[in-house]
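Input: a single structure, listed below in structure tokens.
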Amino acid sequence: MTLTPAFFARDPLGVAHDLIGAEILVDGVGGTIAETEAYRTDDPASHSFRGPTLRNRAMFGEPGHAYVYLSYGMHWCLNFVCLPGSAVLIRALVPEHGLERMVERRGLEDRRRLCAGPGRLAQALGLDKSHDGLSLFAPPFELKEAGTVPMVAAGPRIGITKAADWPWRFGLKDSPYLSKPFPRP
DNA sequence: GGGGAGATTATCT
DNA sequence: GATAATCTCCCCG
């Protein structure tokens with residue numbers, strides 16, 4: 001699967017699945033995408049459900065751009081915009097590049113917890129409001145395709161109250177870098 | 001290792 | 001004024 005803007009111009013379910021195993025870097029810091037969640041326009045849990053607002057405007061912009069928002073007044077979260085009104089939340093990475101900077105930003109050494117969760121990942125990569133709306137195909141972002149086809153697990157999304165049972169969460173099967181294990185089938 | 005409280009603020013009702 | 005796509009710390013056992 002070639003990572004071009006066209007890759008993102010489709011249903012976020014497919015994008016969320018196909019992003020597992022790809023690599024994301026911000027200023028050279030990052031690693032393999034280990035966990036994602038899809039948010040669609042007809043999805044009660046999505047920020048886009050009630051239409052465009054100031055916060056979610058990036059979700060209605062160009063596919064292949066970043067949507068970065070502040071969660072719980074404290075944590076930045078990174079999304080990749082797909083078709084207008086839809087996006088994929090990046091929930092976990094396998095930390096591989098720039099470990100030193102991640103440790104510095106996160107204030108801990110435990111590799112398993114550096115990027116295991118959307119807020120942790122954003123902190124490790126130094127993301128904030130300034131990245132909202134930026135293209136993923138230009139610095140400081142860098143995307144690389146998966147080397148091999150990974151085993152992908154799917155299950156219910158995490159931390160939401162609406163449509164909580166829809167299995168729109170994807171991840172590297174049995175990876176120790178997930179924010180949480182997937183429920184047994 | 002697991003459950004629960006508290007942190008902290010932009011956004012929308 | 002309530003809510004939220006979360007995280008850390010503290011307590012228990």
Side-chain angles (χ1 to χ4, degrees), chain A residues 8 11-17 19-20 24 26 33-61 63 65-95 101-134 136 152-172 174-184:
Chain A
F8 292 97
D11 190 291
L13 276 176
V15 175
H17 175 280
L19 276 174
I20 301 301
I24 172 74
V26 181
I33 297 175
E35 185 180 334
T36 60
E37 278 178 2
Y39 286 88
R40 286 210 307 210
T41 185
D42 59 343
D43 170 5
S46 174
H47 288 170
S48 61
F49 187 61
R50 290 163 199 275
T53 65
L54 202 54
R55 170 176 68 167
N56 68 21
R57 70 192 184 291
M59 279 187 86
F60 291 91
H65 284 230
Y67 166 45
V68 181
Y69 73 94
L70 189 61
S71 182
Y72 288 88
M74 262 169 285
H75 307 289
W76 296 101
C77 294
L78 172 66
N79 295 255
F80 293 169
V81 177
C82 302
L83 286 176
S86 71
V88 171
L89 172 68
I90 310 301
R91 291 192 52 92
L93 301 184
V94 181
R101 297 188 71 189
M102 292 189 191
V103 168
E104 189 181 308
R105 287 166 174 157
R106 293 272 298 120
L108 53 36
E109 306 247 345
D110 183 2
R111 188 160 175 167
R112 287 199 184 198
R113 289 185 187 167
L114 278 181
C115 299
R120 292 167 171 171
L121 175 165
Q123 185 182 27
L125 271 53
L127 295 165
D128 60 35
K129 182 83 183 160
S130 71
H131 298 89
D132 187 38
L134 296 186
L136 300 172
V152 179
R157 294 179 290 183
I158 291 179
I160 56 175
T161 53
K162 301 159 211 152
D165 52 333
W166 302 4
W168 291 1
R169 173 180 178 234
F170 302 91
L172 278 179
D174 299 325
S175 170
Y177 297 101
L178 298 174
S179 67
K180 202 180 153 185
F182 281 83
R184 290 275 170 174

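Hydrogens, waters and symmetry mates are skipped; everything else that's a heavy atom, side chains included, is used. Chain A is the first sequence line, chain B the second, and so forth, proteins listed ahead of strands; every chain is numbered from 1.
For the residue pair Thr41(A) and Ser48(A), the shortest heavy atom distance occurs at CA-OG, 3.7 Å. Looking at every heavy atom in both residues, Cys77(A) comes nearest to Gly119(A) through SG-N, 4.5 Å. When every heavy atom of Leu178(A) is checked against every heavy atom of Arg169(A), the shortest pair comes out as CB-NH2, 4.4 Å. The two residues Ala92(A) and Ser179(A) make their nearest non-hydrogen contact at CB-N, 4.2 Å. Taking both residues in full, the closest heavy atoms of Cys115(A) and Pro95(A) are given as SG-CG, 4.2 Å, listed atom of the first, atom of the second, then distance. Between Asp43(A) and Tyr39(A), the closest heavy-atom pair is OD2-CA, 3.5 Å.
Of the residues in residues 120-134 of chain A, Arg120(A) come within less than 4.0 Å of DNA chain C through at least one heavy atom, sorted by number. Proximity of residues 38-51 of chain A to DNA chain B (heavy atom under 4.0 angstrom from any strand atom) is restricted to Arg50(A).
When the P atom of dT6(C) is taken as reference, atom OH of Tyr72(A) falls 6 Å away, rounded to whole Å. In this entry the distance linking CG of Leu89(A) with C1' of dA5(C) reads 5 Å, nearest Å. Per the geometry, CG belonging to Leu70(A) stands 14 Å off C1' belonging to dT3(C), to the nearest Å. Between Leu78(A) atom CG and dA5(C) atom P there is a gap of 16 Å when expressed in whole angstrom units. Taking atom CG of Asp110(A) as the reference point, atom C1' of dC7(C) lies 14 Å away to the nearest angstrom. As rounded to whole Å, 17 Å separates atom P of dT3(C) from atom CD1 of Ile160(A). Protein atom CG of Leu114(A) is 19 Å distant from nucleotide atom P of dT6(C), rounded to whole Å. Spacing between atom CZ of Arg157(A) and atom P of dA5(C) amounts to 10 Å, rounded to whole angstrom units.
The nucleotide range of DNA chain B contacted by chain A, defined by atoms under 4.0 angstrom from heavy atoms of the protein and reported 5' to 3', is dA7(B) to dT13(B).
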Audit row: Trp76(A), His131(A), side chain to side chain contact (heavy atoms under 4.5 Å, CB included) steps and yes/no:
CA-CA 10 Å; Trp76(A) 296 101; His131(A) 298 89; over 6 Å; no

Applying side chain to side chain contact (heavy atoms under 4.5 Å, CB included) to Arg57(A) and Asp132(A), what does each step give before you reach the verdict?
CA-CA 9 Å; Arg57(A) 70 192 184 291; Asp132(A) 187 38; 3.9 Å; yes

Does the pair Val68(A) and Leu134(A) meet the rule for a side chain to side chain contact (heavy atoms under 4.5 Å, CB included), with working shown?
CA-CA 9 Å; Val68(A) 181; Leu134(A) 296 186; over 6 Å; no

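At the heavy-atom level, Thr161(A) lies under 4.0 Å from the strands shown only through sugar-phosphate atoms.
Side-chain contact between Arg111(A) and Tyr177(A) is present, with at least one heavy-atom pair separated by less than 4.5 Å.
With values rounded to the nearest 0.5 angstrom, Leu136(A) atom CG is found 7.5 Å from His65(A) atom NE2. Residue Trp166(A) holds its CH2 atom at 10.0 Å from CG of Leu13(A), rounded to the nearest 0.5 Å. How far CG of Leu93(A) is from CG of Leu114(A): 10.0 Å, rounded to the nearest 0.5 Å. Summarising the geometry, atom CD1 belonging to Ile33(A) is positioned 4.5 Å from atom CZ belonging to Phe80(A); distances are rounded to the nearest 0.5 Å. Atoms CG and CZ, on Asn79(A) and Arg91(A) in that order, are 11.0 Å from each other to the nearest 0.5 Å. Rounded to the nearest 0.5 angstrom, Asn56(A) CG and Tyr67(A) OH are separated by 5.5 Å.
At least one side-chain nitrogen or oxygen of Arg91(A) sits closer than 4.0 Å to the OP1 or OP2 atom of dT6(C). Proximity of Arg106(A) to the phosphate of dT8(C): a side-chain N or O atom is located under 4.0 Å from OP1 or OP2. In this structure, Ser71(A) does not reach the dC7(C) phosphate: none of its side-chain N or O atoms is under 4.0 Å from OP1 or OP2.
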Polar atom pairs (N or O), protein with nucleotides 9-11 of chain C, under 3.5 Å:
none

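DNA chain C forms stems at B:1-7 with C:6-12, B:9-12 with C:1-4, each a run of 3 or more consecutive Watson-Crick or G-U wobble pairs whose two key distances fall under 3.5 Å.
Residue order along DNA chain C, read from the 5' end via each residue's closest nucleotide, puts Lys162(A) first among Gly119(A) and Lys162(A).
For the side chain to side chain donor-acceptor pair (under 3.5 Å) condition, the pairs that include at least one residue of residues 112-130 of chain A, sequence neighbours left out, are Arg106(A)-Gln123(A), Asp128(A)-Ser130(A).
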